[in-house]
Amino acid sequence: MSELRLYNTASRSVEPFTLPEGVPAVRLYCCGPTVYHFAHIGNLRTYVFEDVLRRGLEYFGFAVKHVVNITDVGHLTSDEDEGEDKMEKGAARTGKTVWEVADFYTQAFMKDIALLNILNPSVWCKATDHIQEQVDLVQTLESKEYTYRTSDGIYFDSAKFKRYADFARLDIDSLQEGARVDKGEKHNITDFALWKFSPVETRRAMEWPSPWGVGFPGWHIECSAMAMKHLGQTLDIHCGGTDHVRIHHTNEIAQSECATGKPFARFWMHGEFLRMGESAKMSKSSGEFLTLDVLIRDGFHPMEYRLMALTSHYRNYLNFSYDALENARESLKALRKKTDPLIGQGGSIGSTKAKEWQAKFREAIGDDLNTSKALGILNLMLKDTLQDYEKSALVRDFDSVLGLGLDTPLTVVREAASVDAAKVEALLVERKEARASKDFKTSDRIRDELAAMNVVIKDGPQGTTWEVKNGK
RNA sequence: GGCGACAUACCCAAGUUGGUAAGGGAUGGCUCUGCAAAAGCCCUAUUCCCCGGUUCGAGUCCGGGUGUCGCCUCCA
């Protein structure tokens with residue numbers, strides 16, 4: 001039986017994953033979205049990776065307690081008082097209150113991940129529901145003298161955490177030199193806010209009382225506070241996007257380990273970025289970005305995007321392009337052609353050969369979630385000479401990790417573009433008559449006419465079927 | 001300026017401790033078809049950005065070069 005091995009950012013190497021004695025379920029925490037805007041498809045790539053991780057853990061027999069946070073507090077764009085509050089910006093953009101904005105984009109996010117067949121975590125937790133926990137954690141740090149006060153907030157003194165630079169392998173000196181922002185009142189460039197005071201002259205849309213005055217929590221503290229509340233002081237796996245390594249996770253480690261004196265997480269895993277072909281950046285702050293909704297509007301199915309994400313390894317960057325997505329679409333179509341007839345065949349993995357395929361698949365997933373290799377194995381397995389019921393069982397088994405929904409018919413996500421079905425049917429009857437009398441000129445004309453309406457027809461043994469062609 | 005990643009066929013992409021280039025899509029060929037589409041079958045890298053080196057043997061290790069990209073500010 002192969003084991004599960006995962007890449008740990010902390011050690012920069014692939015390590016066997018096991019659970020400590022007495023821990024019944026994997027304590028998994030994934031950094032969730034800041035709900036001030038739609039998630040773009042780059043964000044979603046990371047959630048697909050985390051979903052595969054969670055499914056992979058379960059495939060290897062681990063129970064998983066999976067916690068994902070919703071960041072619904074607006075944070076400034078830097079730890080200084082510069083920039084705009086993202087939530088308030090979102091409110092200004094949409095004409096809603098910050099609370100409505102948070103709710104709206106939370107719902108939108110939930111819809112996206114459901115469409116991508118991403119399993120719901122065991123716990124969703126919102127930052128605004130855990131203000132007290134965050135205040136408590138800051139107080140603990142304060143009592144241990146890791147904090148100091150400036151005119152705008154309570155800060156963590158990173159110089160007091162000797163291992164601060166270790167996790168991200170930071171070179172603090174060169175950071176100082178190349179720094180783009182002034183450290184302001186901060187003692188060190190790497191210090192960060194734990195609690196920010198509301199400006200004296202204005203009221204913020206979101207603010208809470210605290211021992212230090214009315215204000216709001218710093219960005220990093222929420223993850224530590226919520227992760228510890230729901231999972232305990234040490235997590236088994238903490239994950240997020242690769243951009244979190246240097247700042248967010250470094251700070252989480254600092255504040256958490258200083259507060260508890262214990263390791264914060266045993267494994268750290270990070271998904272690499274999705275990049276745009278024309279070097280356009282996948283960033284929400286730059287304005288233009290692609291959402292799942294846009295892809296759907298362009299005629300793509302969310303599963304096509306999921307498959308595209310699965311074709312590459314989560315630790316490699318993936319270039320997004322419509323070409324690549326179309327590739328995934330054809331690929332999924334061809335795959336489903338083979339798997340659809342197997343749906344509902346029951347059966348179990350019994351023969352030696354079937355078990356060998358399963359072992360190969362398991363090894364690929366166990367190899368730091370090598371979904372690309374796993375997909376190759378799926379394809380080869382489908383070509384092999386196995387009984388259909390065994391293939392069916394294997395597809396179900398593999399899909400429990402891949403999450404492509406191969407064990408159920410593909411759901412229609414987008415209603416076929418508005419086409420007058422009655423007219424299409426009438427034309428098809430006309431064409432059928434023309435063909436019967438060998439009037440191929442007319443029949444071809446009708447097909448062209450239908451093509452102009454974006455309708456593609458297929459003549460089969462059971463008669464002619466048609467569908468509306470989607471996509472660009 | 002500082003740090004880092006990557007470079008495999010037309011495209012996406014895997015390649016474990018070096019042992020003789022997965023898989024998918026597209027293209028092409030064939031079968032089928034009034035013609036198409038659909039379906040089925042088959043083929044597609046003596047070679048892994050370049051130049052050296054180590055080795056019996058390197059895409060895989062070492063050195064140098066070139067190129068692309070990312071991060072260093074909120075960002076998955």
Side-chain angles (χ1 to χ4, degrees), chain A residues 5 14 30-34 36-37 39-50 74-80 82-86 89 168-171 173-181 189 219 239-248 270-275 279 281-286 289 307-308 310-321 323-335 337 360 363-364 366-368 370-381 383 435 438-441 443-444 447-448 451 456-461 464-467:
Chain A
R5 286 169 298 120
V14 176
C30 301
C31 283
T34 301
Y36 71 104
H37 214 317
H40 62 236
I41 59 176
N43 298 128
L44 295 172
R45 181 193 182 195
T46 298
Y47 298 110
V48 169
F49 143 60
E50 289 164 352
H75 298 287
L76 299 178
T77 51
S78 77
D79 277 332
E80 280 65 43
E82 295 162 7
E84 296 167 89
D85 179 303
K86 286 188 286 193
K89 200 174 160 189
R169 313 209 167 166
L170 300 172
D171 178 351
D173 291 339
S174 71
L175 261 182
Q176 303 274 19
E177 286 167 24
R180 293 195 185 177
V181 232
I189 193 86
W219 173 42
C239 41
T242 183
D243 55 314
H244 281 335
V245 176
R246 290 175 146 260
I247 298 181
H248 186 50
H270 297 91
E272 185 49 81
F273 274 5
L274 179 76
R275 296 182 191 167
S279 75
K281 204 185 160 196
M282 258 303 175
S283 153
K284 280 192 254 192
S285 38
S286 67
F289 59 90
L307 179 61
M308 180 182 162
L310 260 33
T311 56
S312 75
H313 188 87
Y314 76 90
R315 277 195 290 121
N316 284 144
Y317 65 80
L318 174 64
N319 287 311
F320 178 83
S321 68
D323 272 357
L325 189 58
E326 268 163 31
N327 193 333
R329 161 158 54 199
E330 295 308 315
S331 191
L332 183 66
K333 201 193 274 179
L335 180 59
K337 219 169 274 168
K360 280 185 195 170
E363 199 184 326
D367 181 15
D368 194 29
N370 195 332
T371 50
S372 183
K373 195 194 273 179
L375 285 169
I377 290 162
L378 205 210
N379 277 300
L380 287 172
M381 181 279 283
K383 277 198 238 171
R435 291 181 75 213
K438 305 255 185 228
D439 180 2
F440 297 123
K441 212 168 196 173
S443 71
D444 286 347
R447 181 164 57 206
D448 290 345
V456 178
I457 55 177
K458 300 172 193 173
D459 294 328
T464 303
T465 59
W466 61 279
E467 63 178 26

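Sequence lines set the chain letters: A, B, ... in the order given, protein chains first and strands last, and positions in each chain run from 1. Computed from heavy atoms alone, side chains included, the values below leave out hydrogens, waters and symmetry copies.
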Just how far is it from atom OG1 of A:Thr46 to atom CD1 of A:Ile41, taken to the nearest 0.5 Å? 11.5 Å
Do A:His37 and A:Asn43 come within less than 4.5 Å of each other through their side chains, counting heavy atoms only? no
Whole-Å distance, A:Lys438 NZ to B:U33 C1', equals 12 Å
For nucleotides 15-31 of chain B, 5' to 3', base contacts (B), sugar-phosphate-only contacts (S) and non-contacts (-) with protein non-hydrogen atoms under 4.0 Å give S------BSBSS-----
Any side-chain heavy-atom pair from A:Thr311 and A:Asn327 closer than 4.5 angstrom? no
Can you tell me how far C1' of B:U68 sits from CZ of A:Arg275, to the nearest Å? 9 Å
Please tell me if the side chains of A:Asp368 and A:His313 come closer than 4.5 Å, counting only heavy atoms from C-beta onward. yes
If you measure from the C1' atom in B:C56 to the same atom in B:A26, how many Å do you get, rounded? 40 Å
Hey, is A:Glu363 close enough to A:Lys360 for a salt bridge, meaning N to O under 4.0 Å? no
Are A:Leu307 and A:Leu375 close enough that some pair of their side-chain heavy atoms sits under 4.5 Å apart? yes
I need the CG-C1' distance between A:Asp323 and B:A13, as an integer number of Å. 15 Å
Roughly how far apart are A:Ser321 OG and A:Arg275 CZ, rounded to 0.5 Å? 14.0 Å
Within the modelled atom types, does a donor on one side and an acceptor on the other bring the side chain of A:Asp444 and the base of B:G34 under 3.5 Å apart? yes
A:Phe440 CZ to B:U33 C1', straight-line distance once rounded to whole Å: 10 Å
Rounded to whole Å, please give me the gap between CG in A:Asp439 and C1' in B:C35. 13 Å
Same-atom distance (P) from B:C30 to B:C35, integer angstrom: 14 Å
Look at all strands and tell whether A:Gly240 reaches a base, only sugar-phosphate, or nothing, counting heavy atoms closer than 4.0 Å. sugar-phosphate
Atom CZ of A:Phe49 and atom CG of A:Leu318: how far apart are they, to the nearest 0.5 Å? 14.0 Å
Using a heavy-atom cut-off of under 4.0 Å over every strand shown, decide if A:Tyr317 touches base, sugar-phosphate, or nothing. sugar-phosphate
Could you run through RNA chain B and flag its stems, i.e. three or more consecutive Watson-Crick or G-U pairs with both distances under 3.5 Å? B:1-7 with B:66-72, B:10-12 with B:23-25, B:28-31 with B:39-42, B:49-53 with B:61-65
Taking the nucleotide of RNA chain B with the nearest heavy atom to each, does A:Arg435 or A:His248 sit closer to the 5' end? A:Arg435
Could you work out the separation of B:U27 and B:C69 based on their P atoms and round it to a whole Å? 29 Å
Nearest to the side chain of A:Ser312, which nucleotide is it out of B:A14, B:A76, B:U73? B:A14
Can you check the distance between B:U8 and B:C48, where both ends of the measurement are the C1' atom (answer in whole Å)? 4 Å
Categorize A:His244 for me: base, sugar-phosphate, or nothing, with a 4.0 angstrom heavy-atom threshold over every strand shown. sugar-phosphate
With the side chain counted from C-beta on, respond yes when A:Cys30 and A:Tyr47 share a heavy-atom pair under 4.5 Å apart, and no when they do not. no
State, with a plain yes or no, whether a side-chain heavy atom of A:Asn316 is found less than 4.5 Å away from one of A:Glu272. no
What nucleic acid atoms does A:Leu318 come within less than 4.0 Å of, heavy atoms only: base, sugar-phosphate, or nothing? sugar-phosphate
From A:Asp367 atom CG to A:Arg5 atom CZ, the distance as rounded to the nearest 0.5 Å: 5.0 Å
Between B:A36 and B:C43 - C1' atom distance, rounded Å: 24 Å
Which whole number of Å gives the distance between the P atom of B:C61 and that of B:G15? 13 Å
Tell me whether the side-chain N or O atoms of A:Arg447 pair up with the base of B:C35 as donor and acceptor below 3.5 Å, since no angle test is needed here. yes
5'-most contact on RNA chain B: A:Met308 or A:Cys31, nearest heavy atom basis? A:Met308
Could you tell me how far apart A:Phe273 (CZ) and B:G70 (P) are, to the nearest whole angstrom? 11 Å
Can you check the A:Leu274 CG to B:C69 P distance for me, whole Å? 16 Å
Rounded to whole Å, the NE2-C1' distance (A:His270 to B:A5) equals 16 Å
Pairwise P distance for B:G52 and B:G57, with rounding to whole Å: 16 Å
Looking at the side chain of A:Ile247, which of B:C12, B:U73, B:A76 is the nearest nucleotide? B:U73
If I pick the C1' atom on B:G63 and the same atom on B:C71, what distance separates them, to the nearest angstrom? 27 Å
